Every structure is written in C-alpha cells, then in structure tokens.
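Note sheet for the following structure.
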Amino acid sequence: MAESKLKADQIVAGGIRLLQLLTAAPNQSVSIARACSALGVQASDLDRIVEIVSSLSDRSTGVRAIIDMDEKTISLGGDAARLVPLRLSINDAAVLRYVLASLNIDQSTRLRIQAALDDPSQLQTQMISLAEPARYGSFYQKLLEAIEDGVRLLMGYRSIDEKEPRVRTIDPYRLVSEESATYLDAWDVEQDAQRKYRLDRISSLEVTEESAIHHPFDRTDIQESLEKSGFRALVRCNKSYLPLITWSGIMRTEDQGDETVVLEICLSSKSWLFDQVLAAAGNLLILEPQELRTEFISYAEHLVLPES
C-alpha cells in the first residue's frame with residue numbers, strides 16, 4: 001500500500017473531519033469511498049488518519065477512540081470519540097473569549113474557536129465585567145499539561161521585590177485559585193524549597209527534557225502559609241474602602257465604632273504592603289509595628305526623591 005504523503009497538520013484536520021463524519025452518520029458507519037471523498041484523500045491517506053486518531057487517548061481517563069475498517073466500510077465504536085455539540089450561553093461565550101485572549105494559544109486555533117462563538121456585538125456588555133487583569137496569566141494551559149505530564153520547567157518570574165523577571169528551575173505541583181489571584185505551587189530546584197508563584201507574574205515558560213521529582217509538598221493554602229511563615233501588622237482601613245480589599249492574609253477585623261476598621265494581617269512582603277497603602281490614597285494606615293511605619297516612610301520618600 002502506498003505511503004501517505006499528508007503533512008502532520010493535514011492528518012490532524014483529516015482526523016477531526018473523519019470524527020465529524022462518523023458521529024453524524026447512521027450507526028456511526030460510512031463507506032470507505034464516502035470517507036475518502038468527504039476528506040479529499042486517498043485510501044492510503046485514510047489508513048494513516050485512522051492510525052493517528054486511534055492512537056489518541058483522553059489525558060485523564062486513558063479512553064481511546066475505536067475505529068474499525070474493513071474493505072468497504074469504516075465505523076466508530078463506542079462514545080469515546082463522538083463529537084457532541086456544545087451550546088454556549090452568551091455569558092459562556094464571553095468567558096471563553098476572555099480566556100482565549102489571555103492564554104498563549106496558537107493564533108489560528110484562537111480564530112477558529114472565536115468564529116464558532118456568537119456575534120461579538122452581542123457580548124459587549126458582558127465583556128465589560130471581564131475587563132480585569134488576566135488572573136490566569138498566559139501559561140495556564142501549558143502549566144496544567146506540565147503538571148499532568150510530570151515535567152520540569154524553566155520559568156521566567158518576577159516576584160514583587162524584583163524589578164525584572166528571573167529564570168527559575170521548578171517542578172510544578174498544583175494550581176490553586178484564591179479570591180484575588182491564581183497561584184502555582186512548585187518546588188524551586190535551586191533553592192530546594194517549596195514556593196508559591198502568582199500566574200500573572202510568569203513571563204516565560206519552557207518545558208525541559210527532565211522529569212519532575214517527587215517532593216514533600218505542603219498542601220496548606222495561602223492563608224495558612226502566611227499565618228505560619230509571614231509577619232504580622234495592624235492596618236487601619238476606611239469602611240468605604242474595605243470591599244476593595246481581597247487579601248488572603250487577613251487574620252482579624254475589628255470595628256472601631258467610627259468609619260474605620262482595624263485589620264490584623266499576615267504578609268510575606270513589606271514592599272507589597274507599602275504599595276497597597278500608597279495605592280489606597282489615604283484609605284489605609286499602618287498602625288503597628290512602629291518599625292514598619294518607619295520603613296514605609298523611607299520607602300515612600302525613595303519613590304519621590306532622587307537618589308543622591
């Protein structure tokens with residue numbers, strides 16, 4: 001039998017069209033001639049397409065597509081590879097468009113998915129509520145695959161105390177969504193310690209040829225982690241500003257009987273707290289410890305005064 005001359009992308013496209021054809025056919029079966037005609041391929045090409053499709057499996061369950069061929073017909077067995085239509089509401093479509101714009105997805109793939117969605121003009125009002133920084137960053141899908149495949153990564157990341165991203169060698173463990181951000185739990189290979197990274201601060205991601213190593217990960221959430229290893233501070237907050245605060249490290253809230261509340265917080269970065277106070281434009285005030293107040297004044301002066 002002649003060898004197929006189809007390119008890889010043509011084989012993938014042919015596999016998708018074949019599954020569409022078989023899913024829609026009575027008893028999920030069509031003749032070889034019809035399949036070749038619908039796909040625009042020769043019989044040898046069809047053999048290669050079936051071989052590739054049959055080798056695919058669900059990443060979670062391991063279920064495979066079953067495609068049987070004889071001299072005249074080709075049939076799809078079971079429901080594992082049937083293409084079931086997915087109906088999206090306008091809100092669903094808005095979320096999908098937002099995610100497509102946020103993730104590092106191939107442009108042609110993104111355009112094909114967008115073309116299958118509703119008219120963008122219908123989504124204008126829904127998109128307004130989604131106009132916030134992309135909490136999932138650009139590498140969410142790639143991280144999911146790396147965690148599932150158990151591979152080591154080279155990750156460009158800028159912590160809140162760093163001016164530029166720095167490449168870290170990590171073994172990814174899990175993704176955790178908090179109220180204000182999504183984090184990657186991973187093992188920093190060079191530091192030989194568990195670290196937590198905000199997805200929206202990841203600037204680059206490269207899969208290495210090395211496998212991730214099993215590490216003794218601590219499964220505590222952000223709140224528990226800050227309570228264990230962070231340092232504490234008291235902050236006065238105007239009640240009108242309180243709904244805008246979504247910090248994970250708030251341990252206690254005490255109403256002052258006026259227009260303010262006092263927050264006891266745990267934090268891991270002083271500069272993070274200083275930036276929050278500056279951004280609040282007078283709605284936040286550091287109360288204790290005194291040395292933190294002194295450091296804040298120095299930090300603020302450094303931002304407005306030129307270095308000598």
Side-chain angles (χ1 to χ4, degrees), residues 94-95 98-99 101-102 124-140 156-166 176-184 195-203 221-308:
V95 171
Y98 174 67
V99 172
S102 304
Q124 184 173 1
T125 56
Q126 282 75 13
M127 288 298 289
I128 294 175
S129 63
L130 296 170
E132 61 181 56
R135 63 178 292 165
Y136 298 104
S138 300
F139 303 97
Y140 184 82
Y157 185 83
R158 182 189 64 81
S159 69
I160 196 168
D161 296 320
E162 295 176 329
K163 294 182 178 180
E164 299 293 336
R166 177 170 58 85
V176 180
S177 290
E178 299 286 336
E179 184 175 357
S180 59
T182 301
Y183 296 86
L184 167 68
R195 294 290 185 266
K196 196 175 293 289
Y197 305 100
R198 277 182 61 131
L199 265 59
D200 56 356
R201 293 191 185 136
I202 299 176
S203 59
D221 60 20
I222 299 291
Q223 182 91 2
E224 294 170 327
S225 178
L226 287 172
E227 191 171 0
K228 286 182 178 179
S229 59
F231 61 91
R232 295 178 182 256
L234 292 182
V235 177
R236 186 187 297 274
C237 174
N238 289 337
K239 289 180 179 179
S240 60
Y241 191 75
L242 190 60
L244 301 179
I245 294 181
T246 57
W247 307 339
S248 297
I250 299 177
M251 301 292 112
R252 178 173 58 88
T253 301
E254 183 178 325
D255 194 318
Q256 297 303 291
D258 49 20
E259 296 301 316
T260 66
V261 295
V262 170
L263 308 177
E264 181 182 4
I265 62 174
C266 280
L267 59 152
S268 59
S269 170
K270 295 179 181 179
S271 60
W272 171 86
L273 176 60
F274 296 161
D275 288 340
Q276 297 295 320
V277 173
L278 290 172
N283 287 298
L284 291 175
L285 174 67
I286 299 174
L287 299 178
E288 297 178 7
Q290 180 59 44
E291 56 268 25
L292 194 61
R293 292 168 56 90
T294 303
E295 289 182 48
F296 171 69
I297 294 173
S298 176
Y299 180 86
E301 288 177 344
H302 176 75
L303 294 178
V304 297
L305 298 177
E307 295 184 2
S308 57

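Everything numeric in this text was worked out from a predicted model, so none of it was measured.
We find the OG-CD distance between S271 and E295 to be 10.5 Å, quoted to the nearest 0.5 Å. Atoms CD1 and CG, on I297 and L292 in that order, are 10.5 Å from each other to the nearest 0.5 Å. To the nearest 0.5 Å, the span separating CZ on F296 from CG on L285 amounts to 8.5 Å. Considering CD of E254 and OG1 of T260, their distance stands at 10.0 Å, rounded to 0.5 Å. Distance check: I245 CD1 to T253 OG1 gives 8.5 Å after rounding to the nearest 0.5 Å. With rounding to the nearest 0.5 angstrom, the CG atom of L284 is 13.0 Å from the CZ atom of F274.
In this structure, K239 contributes its side chain and D258 its backbone to a donor-acceptor pair below 3.5 Å. Counting only distance, with no hydrogens or angles, the side chain of R293 and the backbone of I286 share a donor-acceptor pair below 3.5 Å. T182 places no side-chain N or O within donor-acceptor distance of the main-chain N or O of L199, the cut-off being under 3.5 Å. Judged by distance alone, the side chain of Y197 and the main-chain N or O of S159 form no donor-acceptor pair under 3.5 Å.
K196 and Y157 get closest at one heavy-atom pair: O-OH, 4.4 Å. Taking both residues in full, the closest heavy atoms of Y299 and D275 are given as OH-OD1, 2.7 Å, listed atom of the first, atom of the second, then distance. Nearest heavy-atom pair across Q256 and R236 is CG-NH1, 3.7 Å. Residues R232 and C266 share a closest heavy-atom pair of CG-SG, 3.5 Å. Between P165 and G156 the shortest heavy-atom distance is CB-C, 4.5 Å. Contact record, A300 with L278: CB-CD2, 4.4 Å, taken as the closest heavy-atom pair.
By the 6.0 Å contact criterion, CD on Q290 is enclosed, its count of non-hydrogen atoms from other residues, nucleotides or ligands being greater than 12.
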Let me see the working for L244 and N283 under side chain to side chain contact (heavy atoms under 4.5 Å, CB included), right down to the final yes or no.
CA-CA 11 Å; L244 301 179; N283 287 298; over 6 Å; no

Could you walk me through whether V261 and L263 pass side chain to side chain contact (heavy atoms under 4.5 Å, CB included), step by step?
CA-CA 6 Å; V261 295; L263 308 177; 4.1 Å; yes

The test is side chain to side chain contact (heavy atoms under 4.5 Å, CB included); show your working for R252 and V262 and say whether it passes.
CA-CA 8 Å; R252 178 173 58 88; V262 170; 5.6 Å; no

